[in-house]
Amino acid sequence: MARVSTSVCALLVMLGCGFHLAGVSATNPWLSDVYAGPPQYYGPGGHINFALSPTFPALKGLGLGGVKLVLYPCGVVVPHAHPTNSELVYLVSGHIRVGFIQDNGELLEYKMYPGQMTVFPIAHPHFLQNIGHEKAVILANFHTDLIITLDLSGLFKFPPDVVGATLNVT
């Protein structure tokens, strides 16, 4: 069964504990430096800054949200899906490999270079991997400030024939 990713759990824990996240200008609520501040989640492959209504209140009610993801060399964002959002991804720096499962069940995989964008359609499993020797900086935008992430890496714990049938691989 899919589970919510660690990054989303980390955010929910921070918010549930009344954790205050800096980043909003004291004089202009429409201005935020949340992407320039310290990361709100660290993992072995990189770190994340969230631009969501708890970290940038001007987003409340606008149906917008985003993340700044820094992937370390060889870092991977494991296969996951967003059941309620498409994801628009912009590569600021670095070189990454991305892929997603298309409607026909086939994996579409390609490399991205700085200045390029891609989109992962709603509910389509996808991954990102830093294939360069430097950090990759990625901006991802969503049409909501509530990002639901289903981590699909647990799928591979099932028997190989079940995984193969699920992924349409023989």
Side-chain angles (χ1 to χ4, degrees), residues 2-98 100 110-151:
R3 59 186 169 83
V4 175
S5 76
T6 329
S7 60
V8 174
C9 288
L11 178 65
L12 295 175
V13 168
M14 286 188 288
L15 297 177
C17 295
F19 188 89
H20 177 70
L21 300 172
V24 178
S25 167
T27 58
N28 184 349
W30 297 96
L31 182 65
S32 173
D33 63 357
V34 70
Y35 282 169
Q40 295 142 350
Y41 173 77
Y42 282 95
H47 61 265
I48 300 173
N49 292 72
F50 295 95
L52 307 171
S53 60
T55 58
F56 188 10
L59 294 174
K60 188 167 182 70
L62 296 180
L64 299 170
V67 299
K68 174 186 164 191
L69 170 64
V70 177
L71 273 179
Y72 306 145
C74 300
V76 174
V77 177
V78 298
H80 66 284
H82 306 288
T84 58
N85 293 289
S86 294
E87 180 177 357
L88 181 64
V89 174
Y90 175 75
L91 182 60
V92 176
S93 62
H95 297 94
I96 63 174
R97 178 173 67 142
V98 300
F100 73 95
Y110 44 97
K111 294 178 182 177
M112 288 181 65
Y113 300 93
Q116 292 183 321
M117 296 175 73
T118 192
V119 64
F120 300 127
I122 190 170
H124 285 62
H126 57 281
F127 75 91
L128 300 94
Q129 179 184 28
N130 185 345
I131 57 173
H133 301 289
E134 299 175 355
K135 292 178 183 176
V137 178
I138 302 151
L139 301 179
N141 296 293
F142 301 86
H143 60 83
T144 183
D145 73 341
L146 175 63
I147 302 168
I148 298 172
T149 303
L150 300 176
D151 179 345

Please check if atom CD in Gln116 has more than 12 non-hydrogen atoms from other residues, nucleotides or ligands closer than 6.0 Å. yes
With a 4.5 Å heavy-atom cut-off, do [X] and [Y] have their side chains touching?
X: Met112; Y: Leu128; value: no
X: His126; Y: Val98; value: no
X: Pro121; Y: Glu87; value: no
X: Thr55; Y: Ser32; value: no
X: Phe127; Y: Val77; value: no

Ignoring hydrogens and geometry, is there a side-chain-to-backbone donor-acceptor pair from [X] to [Y] under 3.5 Å?
X: His82; Y: Ile148; answer: yes
X: Asn130; Y: Leu71; answer: yes
X: Asn28; Y: Trp30; answer: yes

Atom pair [atom1]/[atom2] of [X] and [Y] - distance to nearest 0.5 Å:
X: Thr118; Y: Leu91; atom1: OG1; atom2: CG; value: 11.0 Å
X: Ile131; Y: Ile96; atom1: CD1; atom2: CD1; value: 8.5 Å
X: His143; Y: Ser86; atom1: NE2; atom2: OG; value: 5.0 Å

Partners of [X] by side-chain contact (heavy atoms from CB on, under 4.5 Å), sequence neighbours excluded?
X: His47; value: Pro39, Tyr42, Asn49, Val70, Tyr72
X: Ala81; value: Leu152
X: Leu64; value: Leu59, Leu62

Non-hydrogen atoms of Ser93 and Pro114 that approach each other most closely: CA-CG, 4.0 Å
Residues Leu139 and Tyr35: closest non-hydrogen pair is CD2-CE1, 3.8 Å
